[in-house]
A.B. asks: 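Here's a structure for you.
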Number of protein chains: 2
Amino acid sequence: MRLGEGVEWAIHCCTFLAVLPPGSPLPAARLAEFHGVPPAYLAKHLQALARAGIVVAVPGAKGGYALGRPADDITMLDIVDAIDGAAPAFTCTEIRQRGPAAVEAAKYRRPCSIARAMWDAEHAWRAELKKRTVGEIARGLAGDVAPEAAVKTAAWYQEVKR
Amino acid sequence: MRLGEGVEWAIHCCTFLAVLPPGSPLPAARLAEFHGVPPAYLAKHLQALARAGIVVAVPGAKGGYALGRPADDITMLDIVDAIDGAAPAFTCTEIRQRGPAAVEAAKYRRPCSIARAMWDAEHAWRAELKKRTVGEIARGLAGDVAPEAAVKTAAWYQEVKR
DNA sequence: AGAACTCGGACAGTTACTATCCGTAATCGA
DNA sequence: TCGATTACGGATAGTAACTGTCCGAGTTCT
């Protein structure tokens with residue numbers, strides 16, 4: 001089981017947009033430049049975020065992306081679902097109905113215990129992601145690294161917005 | 001994020017081996033026949049289970065596979081790790097060190113909050129899978145379907161073992 | 001109105017998963 | 001001892017998902 005790299009990029013972009021002064025969208029190319037990732041590919045993921053309403057896309061000159069709602073109302077799960085898709089990781093193919101022990105479909109009242117157990121685990125994963133919001137992450141992000149990085153970030157932003 | 005189909009097959013095989021009378025291994029071809037899955041491909045996954053010690057492989061005529069330890073000592077997580085690999089689904093590529101705001105590596109004391117949040121969620125998923133054992137699942141499996149299926153299973157097993 | 005800039009979807013390359021086959025080694029029954 | 005059966009590993013294709021890039025449509029500013 002592997003989570004696409006785009007999920008990481010999307011979360012970083014959202015947390016970054018959360019710490020930026022609001023009211024001024026940032027182009028996809030600038031977001032890619034700041035994070036050191038391929039611009040064209042990041043744009044694709046940003047489009048997915050826009051479709052989910054997590055960010056709003058502002059077209060035209062001086063356009064770009066901005067958060068679609070308050071950072072505290074955006075959960076990690078929202079982003080993961082938008083990028084990776086909301087389809088469950090485990091899909092029950094009902095192999096119990098495929099062998100020589102199969103009986104007519106109506107006799108299977110509930111999904112098999114195996115699928116239930118896998119789905120329970122997945123629910124725990126999603127519940128944990130739902131607890132964490134972009135706002136919370138953004139506030140804690142500064143403590144991960146020396147204040148020097150925040151200074152460089154501010155300098156870069158001023159340069160870009162000039 | 002998607003979990004390979006082989007995981008489902010492996011769990012079904014383990015729970016099936018758990019309800020079978022012990023002391024008599026079942027060939028991979030029989031396991032594939034009972035579950036209605038491609039024999040050659042299932043064999044690959046069974047080999048992975050054997051490498052992990054979850055099942056024991058008995059070579060030669062009258063050989064096959066049997067559980068490697070009591071069913072209550074085999075967790076769902078054991079099987080998932082054996083088939084899908086124990087590598088974490090989310091891998092932090094440290095993109096915070098790649099942009100114009102990057103500072104020297106030593107300044108990053110702890111992993112970024114984003115990675116920690118993702119890993120916490122993954123830990124919750126693994127913890128849930130670790131709670132459930134093959135023995136527990138096997139005991140509950142019969143209740144999912146009409147008793148008729150158990151009869152057909154027993155008949156098939158007697159035919160195979162003849 | 002013109003120009004510049006942006007998003008948006010359509011188009012290839014790469015990796016991982018699915019699936020199969022064959023040769024080798026080991027075990028049991030005759 | 002010989003043949004049948006079975007697990008094991010490698011080599012080999014096909015398929016789907018992820019990664020990556022491009023150019024056109026629409027919008028905003030001057």
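Computed from a predicted structure; not experimentally measured. Convention: sequence-line order gives letters A, B, ...; per-chain numbering from 1. The figures that follow rest on heavy atoms only: side chains count, while hydrogens, waters and symmetry mates do not.
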A.B. asks: Is the shortest heavy-atom distance from the side chain of B/Arg96 to the side chain of A/Thr153 under 4.5 Å?
C.D. replies: no
A.B. asks: How about NZ on B/Lys130, more than 12 heavy atoms from neighbouring residues, nucleotides or ligands closer than 6.0 Å, or not?
C.D. replies: no
A.B. asks: When the distance from OH of B/Tyr65 to P of D/dT5 is rounded to whole Å, what number comes out?
C.D. replies: 18 Å
A.B. asks: Could you state the NZ-P distance from A/Lys161 to C/dC5, rounded to the nearest angstrom?
C.D. replies: 14 Å
A.B. asks: Does A/Arg30 place a side-chain N or O at less than 4.0 Å from the phosphate oxygens OP1/OP2 of C/dC5?
C.D. replies: no
A.B. asks: Would you call the rings of A/His35 and A/Phe16 parallel, tilted or perpendicular, taking 30° and 60° as the class edges?
C.D. replies: perpendicular
A.B. asks: Just how far, in rounded Å, is C1' of C/dA19 from CD of B/Gln47?
C.D. replies: 14 Å
A.B. asks: Can you measure B/Leu49 atom CG to D/dA7 atom C1' for me and round it to whole angstrom units?
C.D. replies: 14 Å
A.B. asks: With the side chain counted from C-beta on, respond yes when A/Trp9 and A/His12 share a heavy-atom pair under 4.5 Å apart, and no when they do not.
C.D. replies: no
A.B. asks: State, without any angle test, whether A/Trp125 and B/Glu128 hold a side-chain donor-acceptor pair at a distance under 3.5 Å.
C.D. replies: no
A.B. asks: Compile the donor-acceptor pairs under 3.5 Å between side chains in residues 63-70 of chain A and protein atoms, sequence neighbours left out, one pair per line.
C.D. replies:
from	atom 1	to	atom 2	distance (Å)
A/Arg69	NE	A/Asp73	O	3.0
A/Arg69	NH2	A/Asp78	OD2	3.2

A.B. asks: Using rotation axes that map the C1' atoms of four end pairs onto the next four (five pairs an end), what angle separates the end axes of the helix from C/dA1-D/dT30 to C/dA30-D/dT1, to 10°?
C.D. replies: 20°
A.B. asks: A side-chain contact here means heavy atoms from C-beta on lying under 4.5 Å apart; do A/Asp120 and B/Lys131 qualify?
C.D. replies: no
A.B. asks: Which parts of nucleotides 17-30 of chain D does protein reach within less than 4.0 Å, heavy atoms only, written one letter per nucleotide 5' to 3' as B for base, S for sugar-phosphate only and - for none?
C.D. replies: -SBBB----BBS--
A.B. asks: Contact class for B/Ala43 (heavy atom, under 4.0 Å): base, sugar-phosphate, or nothing?
C.D. replies: nothing
A.B. asks: For the residue pair B/Ser113 and A/Arg132, confirm or rule out a side-chain donor-acceptor distance under 3.5 Å.
C.D. replies: no
